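Heads up: the structure comes next, in C-alpha cells.
Order of appearance sets the numbers: ligands from 1, and atoms from 1 within every ligand. Small disclaimer: the values here were computed from a predicted structure and weren't measured.
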Amino acid sequence: MTEFSRRLVRRCWLSAVQNPLQVISFPALQLHVSGTAMRASQEDFENAMNQVKLLKKDPGNEVKLKLYALYKQATEGPCSIPKPGVFDLTNKAKWDAWNVLGNLPKETARQNYVDLVSSLTSSSKSSSQAKPGADRERQGYENLVVTSEDGITKIMLNRPIKKNAISTQMYHEIMLALKTASKDDSTITVLTGNGDYYCSGNDLTNFTDIPAGGVEEKAKNSALMLRDFVGCFIDFPKPLIAVVNGPAVGIGVTTLGLFDVVYASDKATFHTPFGHLGLSPEGCSSYTFPKIMGPAKAAEMLIFGKKLTAREACAQGLVTEVFPDSIFQKEVWTRLKAYSKLPPNAMRVSKQVIRNTEKEKLHAVNAEECRVLRERWMSDECINAAMNFLSRRAKL
Ligand SMILES: CCCCC/C=C/CC(=O)SCCNC(=O)CCNC(=O)[C@H](O)C(C)(C)COP(=O)(O)OP(=O)(O)OC[C@H]1O[C@@H](n2cnc3c(N)ncnc32)[C@H](O)[C@@H]1OP(=O)(O)O
C-alpha cells in the first residue's frame, strides 16, 4: 500500500470520526485503495501469453496447469463446466486446477498469470546459477517456498516483509500446495513461516479489493474461499506439522487446532484479536479450542483476544512442545527427519483414524463459522477496525 493511499484511507477514517453519521462502507474504501493497487493491463496479459510460447525450458506439468487455470480464470471467471470423468485424466487435472481457484477475481488471476510468467522468464534467465537440488523446489508459487526433501514437504509462508500476512493469492497458493502435498510421495507435511513471524493472519488489505457486486459479493466470495481453505486442513490426509517460528495471529493461530503436531519457538506468541477487529472465530477454533484447552481458556482467547506465550499455549495443549529459539530449527528438523522415516501408510492410517470420527463435525463447524463471518465482514465494527489498521492508528 502506498503512502498516498494510506493517507487517503486515514482521511476517510478521520472523516468518519468527525461525522459519525456518515456511512463509511467498503466500496468507499475501495474507491481510494484499489485504484492505486498494481494491476496487470490487458496488454501485460497478452505479452505474458506470448512469453509463455517462447519459454526455452518446459516449466513442468504443475506450472503448466497453474498457467492454464489462471488463464481460464482471467478470461472466463470461475470454473463452471462439468467435472470430467475420473478416467479423463488430463482434462480432470485441468478442471481441478481451475476449480481450486474458486472465486478469485478475474483481475487478480490476470495479475497472477503475469507474475507467474515473469517469475518463469527470470528463473530461466538465471537457470545456470540454479543451486544443486533446486529441482526439488516447487516452482510457481509467489508467496510460498515449497520444497520436498527427506520425505518431508515443507510449505513456507514467504512474505516476511508483511509478517507473512495471508493475501487472497496466498490462500489459493496454500490450498494448492496442500492439495499437491497430499498426493506427493512425502510422508509428512510441514507448514512454517519465513522471517521473524510465523503468520500475522489474514491480510487486512484483502478487504479493500471490492468487486463490482459490492461488499456483499466480497463477503460471499471470502466466505466461500475461507470454507475451502479450512476444508483443506480438515481433509489433509497425512501428518501435518506446524513449525511456529515466531508470533502467530488470527487464522495463523486458529488453524493450529487442525494440525497433528505444533512445535513452537519460545519467541512465538498466539493471538486471536477477533474482538478488536469486530470478527468472530474461524478455522474451526470455536470447536477445537474449547476441546483442547477447555471452554473458559478458549473464551479468553477467542472472545477477549488474550495473547498467549508459547509456554502458556503449550500448557493449554495448543502447542505440543516449545524449544528455545537458539536451537529451535535444529532440534525440530532433526526430530521431523526421524519421524518422516516411519512407515508412511501406518502414519497416514493412524491420522485418518483419529480425524475421521471428527471430520463431519469439523466441516459443519467450518460452514457455520464462515456463515457468521460473512455477516461480520459487513458490520460497522469490522469495517471500522479494518480502516483503523489501514490508517495505522491501531497496533495490536
Ligand atoms: C479473506 C477471507 C479469510 C479471512 C480469514 C479471517 C482471519 C481473521 C484473522 O486473521 S484476524 C488477524 C488479522 N491480523 C491482524 O490483525 C494483525 C495486524 N498486524 C499488526 O497488528 C502488526 O502488523 C503486527 C503486530 C503483526 C506486527 O507489528 P510490527 O510493528 O512488528 O510490524 P508492522 O506493523 O510494521 O508490520 C510490517 C508490515 O507488515 C504489514 N502487516 C502486518 N500484518 C498485516 C496484516 N495482517 N495485514 C496486512 N498487512 C500486515 C504492516 O502493514 C507493515 O506493512 P508496511 O510496512 O507496508 O506498513
Side-chain angles (χ1 to χ4, degrees), residues 1-7 9-10 26 29 33 36-38 102-105 108 143 157-175 193-211 215 217-233 246-256 267-286 301-303 305 307 366 369-379 381-382 384-396:
M1 192 173 182
T2 63
E3 189 52 41
F4 174 67
S5 55
R6 204 174 267 149
R7 277 206 305 273
V9 173
R10 185 189 183 84
F26 274 118
L29 195 58
V33 179
T36 61
M38 214 184 84
N103 289 300
L104 187 73
T108 313
N143 295 299
L157 308 180
N158 189 29
R159 214 180 159 217
I161 200 163
K162 297 284 178 188
K163 310 290 180 191
N164 296 324
I166 309 181
S167 62
T168 302
Q169 178 181 350
M170 266 169 100
Y171 282 105
H172 290 285
E173 290 192 357
I174 295 168
M175 283 191 264
N194 186 18
D196 57 345
Y197 262 67
Y198 170 69
C199 173
S200 65
N202 184 45
D203 186 319
L204 294 171
T205 65
N206 285 342
F207 290 103
T208 57
D209 185 12
I210 306 295
V215 69
E217 190 185 327
K218 179 74 192 177
K220 180 173 158 231
N221 293 347
S222 301
L224 286 172
M225 183 183 73
L226 180 61
R227 189 172 164 172
D228 287 350
F229 179 76
V230 174
C232 287
F233 287 85
V249 186
I251 195 162
V253 177
T254 55
T255 43
L256 293 176
K267 283 201 171 154
T269 52
F270 299 82
H271 192 193
T272 47
F274 301 134
H276 302 78
L277 292 169
L279 292 173
S280 51
E282 83 291 291
C284 292
S285 58
S286 62
M301 277 192 88
L302 298 175
I303 302 177
K307 191 195 278 188
N366 182 24
E369 288 177 345
C370 292
R371 186 192 68 73
V372 174
L373 267 173
R374 185 173 159 181
E375 299 294 319
R376 288 276 86 219
W377 286 324
M378 292 187 283
S379 70
E381 286 179 347
C382 176
N384 290 339
M387 287 177 69
N388 243 350
F389 175 78
L390 295 174
S391 67
R392 310 301 292 167
R393 290 179 66 98
K395 268 288 170 65
L396 300 173

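At least one donor-acceptor pair under 3.5 Å links the side chain of H271 to the backbone N or O of G305.
The F389 neighbourhood of ligand 1 comprises atoms 18 (C), 19 (N), 20 (C), 44 (C), 48 (C), 49 (N), 50 (C), 52 (O), with distances under 4.0 Å to a heavy atom of that residue. The distance from ligand 1 to the heavy atoms of E282 drops below 4.0 Å at these ligand atoms: 6 (C), 7 (C), 8 (C). Taking every non-hydrogen atom of G250 and a distance limit under 4.0 Å, the qualifying atoms of ligand 1 come out as 9 (C), 10 (O), 11 (S), 12 (C). Heavy-atom proximity to S200, at under 4.0 Å, picks out these atoms of ligand 1: 13 (C), 14 (N), 15 (C), 17 (C), 26 (C), 42 (C), 43 (N), 44 (C), 45 (C), 46 (N). Each of the atoms 10 (O) of ligand 1 lies under 4.0 Å from some heavy atom of G201.
Close N/O approach between N202 and ligand 1 is found [any backbone or side-chain N/O within under 3.5 Å]. Inclusion of P273 in the set of residues having an N or O under 3.5 Å from an N or O of ligand 1 is not warranted. At under 3.5 Å, not a single nitrogen or oxygen of T205, backbone or side chain, sits near a nitrogen or oxygen of ligand 1.
Only the side chain of A165 comes within contact range of ligand 1, with a heavy atom under 4.0 Å; no backbone atom does. Counting heavy atoms closer than 4.0 Å to ligand 1, residue Y171 contributes side-chain atoms (C-beta onward) but none from N, CA, C or O. Contacts with ligand 1 closer than 4.0 Å are made by side-chain heavy atoms of L277 only, the backbone lying farther away.
Scanning L204, L226, I161, N164 for the heavy atom closest to atom 47 (N) of ligand 1 points to L204. Compare K162, K163, M225 by their heavy atoms: the one nearest to atom 2 (C) of ligand 1 is in M225.
A heavy-atom distance below 4.5 Å is found between the side chains of F274 and P281. You'll find the side chain of K162 stays beyond 4.5 Å of the side chain of Y197, heavy atoms only.
The two residues M378 and R374 come nearest to each other via the heavy atoms CE-O, 3.5 Å.
Using a 4.0 Å cut-off between charged nitrogen and carboxylate oxygen, D203 and R159 count as a salt-bridge pair.
Note: F229 and Y171 have perpendicular aromatic rings, judged against thresholds of 30 and 60 degrees for the angle between ring planes.
For R227, the CZ atom counts as loosely surrounded, since its 6.0 Å shell holds 12 or fewer non-hydrogen atoms of other residues, nucleotides or ligands.
A donor-acceptor pair shorter than 3.5 Å can be found between the side chains of N202 and N206. Counted by atom type alone, N158 and N194 present one or more donor-acceptor pairs between their side chains at under 3.5 Å.
In this structure, Y197 is part of the shell of residues with a heavy atom less than 4.0 angstrom from ligand 1.
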